[in-house]
Asks: 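What follows is a single structure, and I will ask about it in a moment.
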Amino acid sequence: QAFLFQGLPPDLETFASLKRTFFCLFYLLVMPTFWDIPGMQPGVITGDTAKALLKHAKDTGYVIPAINCSSSGTVNSCLEAATTMGKPVIIQFSEDGSASFVGKGLPNEHGVKAASILGAVAAAHYVRNVSPAYGIPVLVNTDLCAKTSLAWLDGMLEADEGFSRLHGEPLFSSHLVEKGAECLKKMAALNIIGDLGDYSCVKTVGNDTQWAYYDKRDWELTMVGLVKEAFDNPSRDPARMAELKETAKKLCSPGKGFLAADESAGPWLRAGHADAAKIPDTIENRGAYRSLCFSTPGLNEFISGVILHWETLFQKDATGKEMVAIIKENGMIPGIKVDKGYNKKGVWGTETGPLKHPEVATLGLDDLQQRAAQAYAQGARFAKWRNVLQLDPAKGLPSDLAIRDTVHTLARYASICQSEGLVPIVEPEIVPNGDHDIHYCAKMTKKVLTAQF
């Protein structure tokens with residue numbers, strides 16, 4: 001109560017230390033969003049507004065990614081992703097990336113850097129022209145300028161000065177420069193940020209992307225960063241990465257597909273035959289049926305991987321031979337279904353779709369790390385996860401909420417599986433049930449896959 005009467009504490013961490021749910025909730029409700037910052041607007045922001053945004057992100061603990069771009073296409077992708085999340089973004093250009101923006105065929109001699117200067121300036125103007133249409137704040141930043149490339153920075157500062165004379169603000173929001181650089185005085189006069197490190201922790205992910213972290217936990221990666229790092233970061237175990245790549249290559253062998261054997265009940269019960277329904281659904285019968293399938297001669301001519309239920313992964317046939325061994329000896333790769341399904345009660349507040357229940361969130365992330373490690377030890381080398389999205393144009397399904405939950409969940413699933421040696425099948429399942437036409441299905445499929453990948 002003292003906090004409420006004397007004013008809010010400086011940050012959420014102080015408030016949360018009270019360990020009172022009501023107080024924390026009250027703080028979140030009255031805490032201003034970045035849109036409440038004076039001067040905040042869609043498009044490129046600079047000067048005090050940009051500094052206030054960075055401080056707000058640091059104080060309230062959210063992430064603003066700084067993404068290196070080298071073409072208008074990569075800029076557009078970043079802006080679209082930021083719009084989808086409703087969050088600000090830092091569009092960043094390196095010296096080499098700037099030259100790529102206008103084409104590597106242009107001269108870019110050392111000491112002059114004409115192509116890098118032209119590319120950076122053109123890229124900054126491009127971002128300024130298109131970013132307001134995306135409806136989110138954007139900082140235009142240039143990556144660290146080494147002392148050997150000061151000609152590049154000098155050219156950009158000249159553009160900043162010219163733009164400032166016409167518009168009252170610099171062309172760029174920030175330039176990363178080394179401490180003690182002479183240009184810092186000129187940048188300060190133009191109100192250009194000289195070091196994002198004053199506001200954040202910065203960690204390089206891969207060879208071409210930096211992510212700015214404003215969370216107080218050291219070097220915590222966003223899910224996008226985790227997925228990217230799993231592929232690109234050379235510090236990952238080379239042997240593990242090579243194994244993942246080889247498994248993925250074998251799974252994608254031309255002319256081959258997957259055998260889905262991950263049913264929890266006996267597959268024969270779906271046959272629709274009256275006599276088949278009389279066969280008891282016991283663990284012994286399920287084992288006999290599946291071992292018969294897996295040992296079929298020549299099956300590997302058409303099947304590259306077999307998706308197993310958790311029960312089957314650890315099961316043996318009547319002779320005591322493990323199912324995994326039968327699959328391997330028949331020239332196929334064992335895989336495992338790792339999701340735990342979903343509750344048909346659905347996500348509260350979402351519409352009911354053609355499957356006769358609201359939109360749903362898939363379960364199973366809580367102990368996935370442990371189960372993925374167990375599956376790998378048992379012989380599985382890839383994984384499957386089912387995230388269901390329903391289609392209904394009249395109700396706006398799938399909703400943005402369902403799409404966001406799906407792509408985030410699949411990204412976490414993928415990164416966890418890779419860390420334990422399993423190649424993840426990343427497939428947002430857009431169920432075709434409903435009375436919509438094929439064009440709506442295609443439109444929503446494109447929307448979901450764009451959000452995912």
Asks: Short question: side chain of Q390, backbone of E351 - any donor-acceptor pair under 3.5 Å?
Replies: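 Here the side-chain-to-backbone pair does not exist.
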Asks: If every non-hydrogen atom of M40 is compared with every non-hydrogen atom of F34, which pair is closest and at what distance?
Replies: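 In this case the closest contact between M40 and F34 is CG-O, 3.4 Å.
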Asks: With the side chain counted from C-beta on, respond yes when F93 and V121 share a heavy-atom pair under 4.5 Å apart, and no when they do not.
Replies: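 No, side chains not in contact.
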Asks: Which distance, rounded to the nearest 0.5 Å, do you find between the CE of M332 and the CZ of F302?
Replies: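 Here the rounded value is 12.0 Å.
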Asks: Could you tell me which non-hydrogen atom of S98 sits nearest to which non-hydrogen atom of S116, and how far apart they are?
Replies: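 That would be CB-O, 3.3 Å.
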Asks: With a 4.5 Å limit on heavy-atom distance, are the side chains of I67 and Q92 in contact?
Replies: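 When only atoms from C-beta onward are counted, Q92 and I67 do not touch, as no gap falls below 4.5 Å.
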Asks: Less than 6.0 angstrom from the centroid, inside 45 degrees of the normal: does R240 satisfy that with respect to the ring of Y376?
Replies: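 Yes, a cation-pi geometry holds between R240 and Y376.
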Asks: Hey, does the side chain of T247 reach the backbone of R381 with a donor-acceptor pair shorter than 3.5 angstrom?
Replies: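 No; zero donor-acceptor contacts below 3.5 Å.
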Asks: Could I get the full list of side-chain contact (heavy atoms from CB on, under 4.5 Å) partners for P358, not counting sequence neighbours?
Replies: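 So P358 forms a side-chain contact (heavy atoms from CB on, under 4.5 Å) with T350, T352.
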Asks: I'd like to know if the side chain of S94 reaches the main chain of G97, judged simply by a donor and an acceptor atom lying under 3.5 Å from each other, with no hydrogens or angles considered.
Replies: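 It does hold such a pair.
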Asks: If you compare all heavy atoms of T46 against all heavy atoms of F172, which two are closest, and at what distance to 0.1 Å?
Replies: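 Heavy atoms of T46 and F172 come nearest at CG2-O, 3.8 Å.
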Asks: Minimum heavy-atom separation for M187 and I193, please, with both atom names.
Replies: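 Looks like CE-O, 3.5 Å.
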Asks: Can you tell me how far apart CD1 (I403) and CG (N387) are? Round to the nearest 0.5 Å.
Replies: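 It comes to 12.0 Å.
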Asks: Are the side chain of S173 and the backbone N or O of V140 linked by a donor-acceptor pair below 3.5 Å?
Replies: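 Yes; judged by distance alone, with no hydrogens or angles, the pair exists.
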Asks: Can you measure from CH2 (W385) to CD (E429) and round to the nearest 0.5 angstrom?
Replies: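 So the gap between those two atoms works out to 13.5 Å.
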Asks: Taking atom CG of D435 as the centre, does the number of heavy atoms from other residues, nucleotides or ligands within less than 6.0 Å exceed 12?
Replies: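 Count not over threshold, so no.
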Asks: For D160 and R165, what are the C-alpha separation, side-chain angles and deciding distance, and is it a salt bridge (Lys or Arg N to Asp or Glu O under 4.0 Å)?
Replies: CA-CA 9 Å; D160 280 316; R165 285 193 294 269; over 6 Å; no
Asks: Does the distance from a Lys or Arg side-chain N to an Asp or Glu carboxylate O, for E420 and R371, drop under 4.0 Å?
Replies: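 So E420 does not pair with R371 through a salt bridge.
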Asks: Are H309 and E263 packed together at the side-chain level, in the sense that at least one heavy-atom pair is separated by less than 4.5 angstrom?
Replies: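 They are not in side-chain contact.
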Asks: Are any side-chain N or O atoms of E359 and backbone N or O atoms of P398, one a donor and one an acceptor, separated by less than 3.5 Å?
Replies: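 Side chain of E359 to backbone of P398, a donor-acceptor pair under 3.5 Å: no, none is there.
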Asks: Is Q418 reaching over with its side chain to a backbone N or O of A414, donor-acceptor style, under 3.5 angstrom?
Replies: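 Indeed, once roles are kept as given, a pair shorter than 3.5 Å links the two residues.
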Asks: Counting N and O atoms only, with roles assigned by atom type, does the side chain of K256 sit under 3.5 Å from a partner on the main chain of N300, one being a donor and the other an acceptor?
Replies: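 Yes: the side chain of K256 pairs with the backbone of N300.
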Asks: Hey, is R386 close enough to D262 for a salt bridge, meaning N to O under 4.0 Å?
Replies: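 Salt bridge flag = no for D262 with R386.
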Asks: Looking at every non-hydrogen atom in both residues, tell me the closest pair between L313 and V324 and how far apart they are.
Replies: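 Distance-wise, the nearest heavy atoms are O-CG2, 3.6 Å.
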Asks: Using side-chain heavy atoms (C-beta onward) and a distance below 4.5 Å, is V130 in contact with L79?
Replies: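 A side-chain contact under 4.5 Å exists here.
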Asks: Ring-plane angle category for F258 and F382, please: parallel below 30°, perpendicular beyond 60°, tilted otherwise.
Replies: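 Tilted, since the angle between the ring planes falls between 30° and 60°.
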Asks: Regarding S419 and Q369, is there a side-chain donor-to-acceptor distance under 3.5 Å anywhere?
Replies: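 There is such a pair between these side chains.
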Asks: Drop me the distance from L171's CG to T142's OG1, to the nearest 0.5 angstrom.
Replies: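 Output value for this atom pair is 10.5 Å.
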Asks: Is there a side-chain contact between M444 and L389, using heavy atoms and a 4.5 Å cut-off?
Replies: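 Result no, sub-4.5 Å side-chain heavy-atom pair not found.
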Asks: Could you tell me if the side chain of L391 sits less than 4.5 Å from the side chain of P432, heavy atoms only?
Replies: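 Side-chain contact under 4.5 Å: no.
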Asks: Begin from the C-alpha positions of N141 and S174 and carry the test side-chain hydrogen bond (donor to acceptor under 3.5 Å, both in side chains) through to its verdict.
Replies: CA-CA 5 Å; N141 176 57; S174 55; 2.7 Å; yes
Asks: Answer yes or no: is there a side-chain heavy-atom contact under 4.5 Å between I307 and L259?
Replies: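 I307 vs L259: side chains apart.
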Asks: Can E169 and R128 be said to form a salt bridge (Lys or Arg N to Asp or Glu O under 4.0 Å), step by step?
Replies: CA-CA 12 Å; E169 65 173 341; R128 280 187 169 275; 3.3 Å; yes
Asks: Rounded to the nearest 0.5 Å, how far does OG of S100 lie from CG of L106?
Replies: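 Here the interatomic distance stands at 10.5 Å.
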Asks: Any sub-3.5 Å donor-acceptor pair from W152's side-chain atoms to K113's backbone N or O?
Replies: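 Flag not set: sc W152 to bb K113 has no pair under 3.5 Å.
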Asks: Mark yes or no for whether Y413, through its side chain, and I425, through its backbone, hold a donor-acceptor pair below 3.5 Å.
Replies: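 Here the side-chain-to-backbone pair exists.
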Asks: Is the side chain of T49 donor-acceptor paired with the backbone N or O of I45 at a distance under 3.5 Å, no angle test?
Replies: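 No; zero donor-acceptor contacts below 3.5 Å.
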Asks: Would you say F101 and L118 make side-chain contact, with heavy atoms under 4.5 Å?
Replies: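 Not touching, per the 4.5 Å side-chain cut-off.
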Asks: Please lay out, stage by stage, how D392 and Y440 fare under the test side-chain hydrogen bond (donor to acceptor under 3.5 Å, both in side chains).
Replies: CA-CA 9 Å; D392 189 330; Y440 184 75; over 6 Å; no
Asks: So, E158 and K186, do they make that salt bridge, N to O below 4.0 Å?
Replies: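 No salt bridge links E158 with K186.
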Asks: Restricting to non-hydrogen atoms, name the atom on L422 and the atom on A375 that form the minimum distance, rounded to 0.1 Å.
Replies: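 Looking at all heavy atoms of both residues, the shortest contact is CD1-CB, 4.3 Å.
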Asks: More than 12 heavy atoms of other residues, nucleotides or ligands under 6.0 Å from CD1 of I438: is that the case?
Replies: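 No, not enclosed.
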Asks: Give, for atom CG of D339 and atom CG of L368, the distance between the pair rounded to the nearest 0.5 Å.
Replies: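 Interatomic distance, D339 CG to L368 CG, rounded to 0.5 Å: 9.5 Å.
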Asks: Might you confirm whether atom NZ of K328 has over 12 heavy atoms from other residues, nucleotides or ligands at distances under 6.0 Å?
Replies: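 Atom NZ in K328 is packed in, count exceeds 12.
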